[in-house]
Structures are given as structure tokens and as C-alpha cells.
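Note that ligands are numbered from 1 as they come in the structure, with each ligand's atoms numbered from 1 the same way.
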Amino acid sequence: MKDIFDEIKFGKFTVPSRIVRTGLWESQFDSQKNLTREIIDRYESLAKNNVGVIITELISMYSHDRFSDYTYSINHPFFIKEFKEVVDTVHYYNVPIFAQIGFVNCNVNGKQMMEVNDLTVEDIRTIQADYVMAAKKIAFAGFDGVELCIGNNFYLSRIMNPFENTRDDDYGGSTYNRVRMVLEIIKLIKNMTDLHIHCKVNLYHDEKDSLEICRILAENGADSLQITKFLSPQYFRKGQSNQDMLVDFASSVSDEVDIPVVLGGGFSDMGRINNLINDSNIEFVSMQRPFVKDSSFLSQWKQEGHGKSECKTCNNCYWKKQSICLIESNK
Ligand code: SF4
């Protein structure tokens, strides 16, 4: 019988639970956008309270990206120094930590808001070079891995989307061609660093094609996958039906690949998660908002053998772009 607190392998790491903490907005930095003690303490609380793998809040690939006001930037002059402190704090508790990187708007080589079909090969090489530089910084800071945001609404997810990418060169057409740009990024990062590469990938409208994308990623260097979906306002309203769809898809992906597959999608109840992992071949589940509500709740679940997060899934923290619970702070 599987339990969320099984000690289990995640790639080369042995982790204390099947729960992956994903981060979203960074809202507690100071006016210079430096990490504050509050942020470092939050990571420490996650690490000492039975999280299996910690993924940072989003780190923007570009300083003037759509969400960069609410995120740390990979180009911050003190990125390595500041995150080394976070990483060292987490490693004290033997928990792996991955840096989450992504971008939404494509503004490279002096061009603005480029559509997927308009990218030149030179633009693609520029983006890939930027990813290599980012990965090197992440490795220097001591991170164990990097999460490539190639799902949700991030730009690299649009390149893999068959409805958006209608290119007729090596970067469009077949499924493999649409994934090629990401595969080249993975290969470059692997050549330069030892980072575990975790890919957050979408279930697109075409499920068969989405499954093929996951298979290609797994066979070409991705070390783990996180299953997610395009985030529309409807996504947040539909709740349960979204979750069921993602469960079915994550289960199909788990059958297809030999690397860890993490299911996202708003789980917050220990009993439900244990039922899910025992009734399917899904091994890992990610959570974000429950950790915004309380970064230490997993220890209580472990001690009591049951539990449900107090997060009301109101999504205020998501919409207000803050990693603090607005229900709690308005009391
Ligand atoms: S603001 Fe809402 S969604 Fe966010 S942590 Fe609090 S209760 Fe949960």
C-alpha cells in the first residue's frame, strides 16, 4: 500500500514524501527585489516539514517579462549569492530544490511580442543561449535541478501547441519538430551542468499529441514531468472536472514513460491523495496554494495520519500575485 510519506526515489534523489511543492509568485522581496529573511525562513519551513521536492517560485528569464513584477529575475545581480543561501538552508534538511524558470512574452533580438511562427532560427538560438546562461547560474547557486516551464501559458508551451505552431521548418509540423527547440535546450543544459531537468508540460486539446510530447521529452533527456494545463479563467472555475481530466492524462503518461510523473491540479486532502496514488500508477502529486496557507502542514498530516489543507482554494493569492494567504492576512 502506497502512502504519501513513503521515502521514495525521485530521479537520483531519495525524497521524504511524494509531495512536490510548486511555487508561483514571489511577493516578499524588499524594494531592491532582494530575497528577505521571510523568504529564506519559508523555504526552511518547507524543507523541515516533509516536502519531497521543493520547486522555487517562478524566476523570470527576462527582466521585463509579463510577470516580472511579481517574480525574481535570473538577471538579478545577486542571483547566485542570494539563492545559494536558500539552497544551503534547504540542503541542511536533505531535500532537493529546483529553480523554476520561464517567460511569457518573446522580446528578443530587438523584436517585441513575437508570435511562434515568426521566430527566426537566430531568435531560437538566442533563447536557447539565454537558457544555458540561466542554467549555469542555477547550477552555480547549488540547485539540484531546474524546472522548465513549458506548460500553462508560458511561451515555450505555445511552441509545442499544434494549434499555434504551424511552421513548416524543422521547428514545426510533426510533434517531434514542435518539441525540438525544447529538446535542444535540454541537451545544452545537460552538456553544461548536472542539473535534474523537470519539465512542466500541458495536456493540450489533442490528448494523443500531448502524450507523444511527454514521450519524446522523456526519451530525450527530461528527468521528470509535471502534468498541467493551459490556465484560463474557466480552468479555475471548473475545479473538479479539470482534476479528473488531469488524473486520467497523468496516468496515461505514467504508463508511457520511465521517469517520475507529477500530477498537479489542486489536491489538498491527504486521504484523497492516498486513494489516488493507490488506485492509479501516479506516484507524485504537486501542491502550491496549501503551502501558501501554511508551509508546515505536511508534518501535521504525517503525525496524525490524515488531514486536509485549510486553503479554501479561493485563488485570491493567485490573482493578486502574492505568495501569502489573503484570507489569513485579512482576518
Ligand atoms: S488566498 Fe485563498 S487560495 Fe490562496 S492560500 Fe489563501 S485560501 Fe488558499
At a threshold of 2.8 Å, where the distance has to be below it, does atom 4 (Fe) of ligand 1 have an N, O or S atom of Cys311 nearby? no

Stepwise side-chain hydrogen bond (donor to acceptor under 3.5 Å, both in side chains) test for Asn152 and Thr228: CA-CA 6 Å; Asn152 297 139; Thr228 185; 2.7 Å; yes

Mind checking whether Phe10 and Phe284 have parallel, tilted or perpendicular rings, split at 30° and 60°? perpendicular

Do any of the N/O/S atoms of Cys325, backbone or side chain, fall under 2.8 Å from atom 6 (Fe) of ligand 1? yes

One finds that the ligand 1 atoms under 4.0 Å from a non-hydrogen atom of Asn315 are 2 (Fe), 3 (S)

Go through the side-chain N and O atoms of Ser296 and Asn49 and say whether any donor and acceptor fall under 3.5 Å apart. no

Sub-4.0 Å atoms of ligand 1 with respect to non-hydrogen atoms of Lys312: 7 (S), 8 (Fe)

Against Ile55, only a single residue in Arg21, Gln226, Lys200 fulfils side chain to side chain contact (heavy atoms under 4.5 Å, CB included); can you say which? Gln226

Is Cys314 close enough that one of its N/O/S atoms sits under 2.8 Å from atom 2 (Fe) of ligand 1? yes

Enumerated ligand 1 atoms positioned under 4.0 Å from heavy atoms of Arg289: 3 (S), 5 (S)

Return the orientation label for the Phe143 and Phe83 ring planes: parallel under 30°, perpendicular over 60°, tilted otherwise. tilted

Check whether the side chains of Glu82 and Tyr72 place a donor and an acceptor atom closer than 3.5 Å, and report yes or no. yes

Atoms of ligand 1, numbered as shown, that sit under 4.0 Å from any heavy atom of Leu326: 1 (S)

Find all atoms of ligand 1 within a distance of less than 4.0 Å from any non-hydrogen atom belonging to Cys317, and give their numbers and elements. 1 (S), 3 (S), 4 (Fe), 5 (S)

